[in-house]
Amino acid sequence: MTHSVSLRRPDDWHLHLRDGDMLAAVAAYSSHFGRAIIMPNLVPPVVTGAQAAAYRDRILAALPENVTLRPLMTLYLTETTDPADVVAAHAAGLIAAVKLYPAGATTNSASGVRDFDKVRPVLEAMAEAGIPLCTHGEVTDPAVDIFDREAVFIDRVLDPVRRATPGLRVVMEHITTAEGVDYVASQQDMGATITTHHLVINRNHILVGGIRPHYYCLPVAKRESHRLALRRAATSGDPRYFLGTDSAPHPDRAKESACGCAGCFTAPNTLSILAQVFEDEGALDRLEGFASLHGPAFYRLPPNEDRIRLVRRDDPAEYPTHIAAGDETVTVFDPGFPLYWHVEDPA
């Protein structure tokens, strides 16, 4: 049995850090990562280069002094987004990508896109400048079953947008279906992030034996066959698939309510979970690619130079079940099995 794995420091290509007390509480839990793509769905959303710079400064101020996490900022795409501002913000190094939320698809997405013709000039400018588009891949048509919304998004939105905008580089974020896996595998200039929790849970975890709000996320977890397709993709070594945790903290009072928020807070234990998944799949030799190499390659960045070590021990690693965030508490994602892989960070 392999008892330790050394890998270049991983990156998180999809992370929610929130703001205010929540930002102060959760930022340090992503300290094992070298870089993170930061989601812009604050209230109000981050829609200009100046707002992205200000948010980046707040994140850096919230990180402990010994943490070297580099936040890579994104802009929230709206129907009034200025193409020139996007291109200028990217050229100045203020942003790494632009995020597409279909209006109403998930947390704080009310300002998202309804009419895709209105954002065509932005997408064309992004294609010309080589700026990646990160997509929340779900339609919001109430006639479409929630478990089908990712597959329908590919047919109705993503594929037509890509055909209409040659050269646009797209990340289909937090894919949850075999259809998502297959579509990405058929494309060029495209990547996909896969979350830690979607490698572990299926829809039974949310619904069997009572509603489990801390397993509820969007896109929602699907059938077991889809989870297995995600595991095959993540552990395949295909460079189009890479880690984006979509770690999304919410106060427990908002999760455990009549209309609970979507999101799983996986930042504290995500690397231990991933190591167990890859061990179970006989693919520990491919963990570095998924967590540390494929994402930088897509974003045209060098991999991190420093390394971390994952060590398998007889006693499980200990992680908090909850953390405090101001007057609130946040529940840490429970994978449902012991975590014997411990993270050793020489930094």
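We count residues from 1, following the sequence as given.
In this structure, a donor-acceptor pair under 3.5 Å is present between the side chains of Thr176 and Glu150. Residues His197 and Asp246 have side chains that never bring a donor and an acceptor to within less than 3.5 angstrom of each other. Counted by atom type alone, Arg203 and His226 present zero donor-acceptor pairs between their side chains at under 3.5 Å. Between the side chains of Ser272 and Tyr319, a donor-acceptor pair is found at a separation under 3.5 Å. Using modelled atom types, one finds a donor on one side chain and an acceptor on the other under 3.5 Å when comparing His214 with Glu256. With 3.5 Å as the limit, one finds no donor-acceptor pair spanning the side chains of Arg286 and Thr235. Inspection of the His136 and Glu138 side chains reveals an N or O donor paired with an N or O acceptor under 3.5 Å. In summary, the side chains of Thr331 and His322 do present a donor paired with an acceptor at a separation below 3.5 Å, with no hydrogens or angles considered. Judged by distance alone, the side chains of Asp11 and Tyr299 never bring a donor and an acceptor atom under 3.5 Å apart.
Ion pair Glu279/Arg312 flagged as a salt bridge, since at least one NZ, NE, NH1 or NH2 atom sits closer than 4.0 Å to an Asp/Glu carboxylate oxygen. Arg120 has a carboxylate O that lies under 4.0 Å from a charged side-chain N of Asp117, or vice versa, which qualifies the two as a salt bridge. Using a cutoff of 4.0 Å between basic side-chain nitrogens and carboxylate oxygens, Arg156 and Asp141 are scored as salt-bridged. Salt-bridge formation is not detected for the pair Asp145/Arg149: no Lys NZ or Arg NE/NH1/NH2 atom is positioned less than 4.0 Å from an Asp or Glu carboxylate oxygen. Under 4.0 Å is where a charged nitrogen must lie from a carboxylate oxygen, and between Asp345 and Arg9 at least one such pair does. The existence of a salt bridge linking Arg114 and Glu79 is excluded, since no basic side-chain nitrogen approaches an acidic carboxylate oxygen closer than 4.0 Å.
At least one side-chain heavy atom of Leu42 sits under 4.5 Å from a side-chain heavy atom of Tyr55. At a threshold of 4.5 Å between non-hydrogen side-chain atoms, the residues Ile194 and Phe290 count as touching.
The side-chain hydrogen bond (donor to acceptor under 3.5 Å, both in side chains) check on Ser6 picks up Arg307, with sequence neighbours excluded.
Between His14 and His174, the ring centre distance stays below 6.0 Å.
Cation-pi contact between Arg240 and Phe298: absent, since separation from the ring centre below 6.0 Å together with deviation from the ring axis within 45° is not met.
Here the rule is side-chain hydrogen bond (donor to acceptor under 3.5 Å, both in side chains) with Thr196, and of Thr270, Asp12, Thr245 only Thr270 fits it.
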